[in-house]
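Report on the following structure.
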Amino acid sequence: MTPEQSTAEVSVVGLGRVGLPLALSFADRGLTVTGIDNDPARLSAVGEGRMPFAETGAQELLERVHGSGRLSLSERVADAAHARYVVITLGTPSFSHIEIDMRDIRSALDDLLGVLAPGHCVILRSTVAPGTTDFVAGYLAKHRDFDIGEDVFVAHAPERIAAGRFLEEIDTLPCIIGGVGRRSGDVAAELFAAFAAPIVQTTPVQAELAKIWTNILRYTHFALPNLLMMDCERCCANVFEVIDLINHDYPRGGIAQPGLTAGTCLRKDFAFSEERSAAPGMLLAVSRVNESVPLFLLEGAKRRIGALADRKVAVLGLAFKADTDDERDSLAHKLIRLLERELADVCAHDPHVPTPTVSLGEALDGAEAVIVATDHSEFRDPRTLAAIGERAGGDCLVVDPWNCWGAAQVFAYSSELAALVASG
Ligand SMILES: NC(=O)c1ccc[n+]([C@@H]2O[C@H](COP(=O)([O-])OP(=O)(O)OC[C@H]3O[C@@H](n4cnc5c(N)ncnc54)[C@H](O)[C@@H]3O)[C@@H](O)[C@H]2O)c1
């Protein structure tokens, strides 16, 4: 089928946390959309009007789009060619070799090779290593002899929206587009003009670098307070007080707060830059700092209450960040694995994630230590601190790198925390 015979205006390949809200948003702006995914469970959920994961406002949007008839679904990537625009939102994990894993993208390209025709525009929305968009263009040119930028168009339009903010940021966050050849950028920009966000055109590699360095900036930004937290423990200093000293009335930026820093994007995207870095090592060090926070918290607990074998430890939060149900690459799971290797009796509670957990009360009952792994809003509620005191007792050690209750202690007994919070 040529783009002139299109049955949809845009196809979105990969209905994950990026692709599904995007497909729904295109449909909501009046475009006819084909959503493609090879996971039958995901397709049936969407087909039945059920969001398969949490994203603010997306359930209502899905219901609206469902009624409009503008979204059709398929499990065949080749069906993407029914639309002029093919937006690829597949996962791009990294191998443990400091190298992007492009298998899903390669497989989708192979499925598309035979069905692409002049007029098609392939847009990579996935996060990719520098050079990948040119690789995609070269792959299509090599196997189909297309003149990229003249008859078939290829561009990178990276997703920079934060989970939970999709519907707000799709209309506000500048949309970076790096097109290959003379016209690809303009053709891709016509599609994203469906949204109100400003469009900024650049080269493919600059678009790729801008995306991964947006994440590297955040990953590094949080590694600094995490390293400071560890240094403060070594120096018997209070990290929250040092951070206040740094930031108070200082006019040239400030340091962030510590916490468990991970998630599928932050953890892998630095590897895409690092795979060809001329200065290998700096970003790996950033990763090592963030990855060592669970062990630091565990060791800090052991220094205070002794060996954890056969002692109940409650872990609050499994999601990789606050108020999301996304557990992918969450350090909470790493923390639990480390605790289990200490033979601790671990009980987890998270009100958001799909993994079954026990209730807050059950997790806290008889716990000798409570570790706040995710700063969900529910945990920041002073009633959670009160519940720790009631269910686990005043001598339960609370480990809270997030400073959930403003007591400014990474490690403190629950009675101490309650007194500090009460004294303001
Ligand atoms: N999740 C985020 O917040 C976020 C933010 C910015 C950028 N990104 C980037 O966007 C991309 C997608 O991320 P995601 O979180 O949406 O991933 P995801 O794993 O949630 O979604 C990928 C989807 O593709 C489907 N899929 C896999 N292989 C397929 C195939 N061969 N054919 C059809 N469907 C297939 C999967 O079933 C899944 O539904 C990644 O490159 C990621 O780094 C993600």
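Note that ligands are numbered from 1 as they come in the structure, with each ligand's atoms numbered from 1 the same way.
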How does [X] reach ligand 1, by side chain, by backbone, by both or by neither, if only non-hydrogen atoms under 4.0 Å count?
{"X": "Asp326", "value": "neither"}
{"X": "Arg160", "value": "neither"}
{"X": "Leu15", "value": "backbone"}

Atom indices of ligand 1, in the order listed, that fall short of 4.0 Å to a heavy atom of [X]:
{"X": "Cys265", "result": "2 (C), 4 (C), 5 (C), 8 (N), 43 (O), 44 (C)"}
{"X": "Val77", "result": "32 (N)"}
{"X": "Leu90", "result": "11 (C), 12 (C), 24 (O), 26 (N), 27 (C), 28 (N), 29 (C), 30 (C), 34 (N), 35 (C), 40 (C), 41 (O)"}
{"X": "Arg42", "result": "39 (O)"}
{"X": "Lys211", "result": "6 (C), 7 (C)"}
{"X": "Thr92", "result": "40 (C), 41 (O), 43 (O)"}
{"X": "Asp39", "result": "37 (O)"}
{"X": "Asp104", "result": "27 (C), 28 (N)"}

Donor-acceptor side-chain pairing of [X] and [Y] below 3.5 angstrom:
{"X": "Thr261", "Y": "Asn226", "answer": "yes"}
{"X": "Glu159", "Y": "Thr89", "answer": "no"}
{"X": "Thr357", "Y": "Asp350", "answer": "no"}

Below 4.0 Å from ligand 1: does a non-hydrogen atom of Glu75 turn up there or not?
no
Quick one: look up the protein heavy atom nearest [atom] and list residue, atom name and how far away it is.
{"atom": "atom 6 (C) of ligand 1", "result": "Glu159 O, 3.2 Å"}
{"atom": "atom 43 (O) of ligand 1", "result": "Lys268 NZ, 2.7 Å"}
{"atom": "atom 23 (C) of ligand 1", "result": "Asp37 OD2, 3.6 Å"}
{"atom": "atom 31 (N) of ligand 1", "result": "Asn38 ND2, 3.5 Å"}
{"atom": "atom 21 (O) of ligand 1", "result": "Gly16 CA, 3.2 Å"}
{"atom": "atom 17 (O) of ligand 1", "result": "Arg328 NH1, 3.6 Å"}
{"atom": "atom 9 (C) of ligand 1", "result": "Thr127 OG1, 3.3 Å"}
{"atom": "atom 13 (O) of ligand 1", "result": "Val18 CG2, 4.1 Å"}

*Do Ile105 and Phe135 have side-chain heavy atoms sitting under 4.5 Å apart?*
no
Given side chains that start at C-beta, do those of Val346 and Val315 come closer than 4.5 Å, heavy atoms only?
yes
To atom 24 (O) of ligand 1, the nearest of Ser107, Pro93, Gly14, Pro40 on a heavy-atom basis is Gly14
Smallest separation among heavy atoms of [X] and [Y], with atom names:
{"X": "Pro354", "Y": "Glu327", "value": "CD-OE2, 3.3 Å"}
{"X": "Ser287", "Y": "Phe270", "value": "CB-CZ, 3.4 Å"}
{"X": "Arg125", "Y": "Leu22", "value": "NE-CD2, 4.1 Å"}

Verdict with reasoning, Thr133 to Glu208, per side chain to side chain donor-acceptor pair (under 3.5 Å)
CA-CA 8 Å; Thr133 311; Glu208 293 161 342; 2.5 Å; yes
Does the distance from a Lys or Arg side-chain N to an Asp or Glu carboxylate O, for Asp325 and Arg17, drop under 4.0 Å?
yes
Only one of Leu124, Val128, Asp134 passes side-chain contact (heavy atoms from CB on, under 4.5 Å) with Pro204, and that residue is Asp134
Review point. What about Phe146 and Phe153, are their ring centers closer than 6.0 Å?
Key: no
Notebook entry, point to check: So does Arg218 have more than 12 non-hydrogen atoms from other groups sitting under 6.0 Å from CZ?
Noted result: no
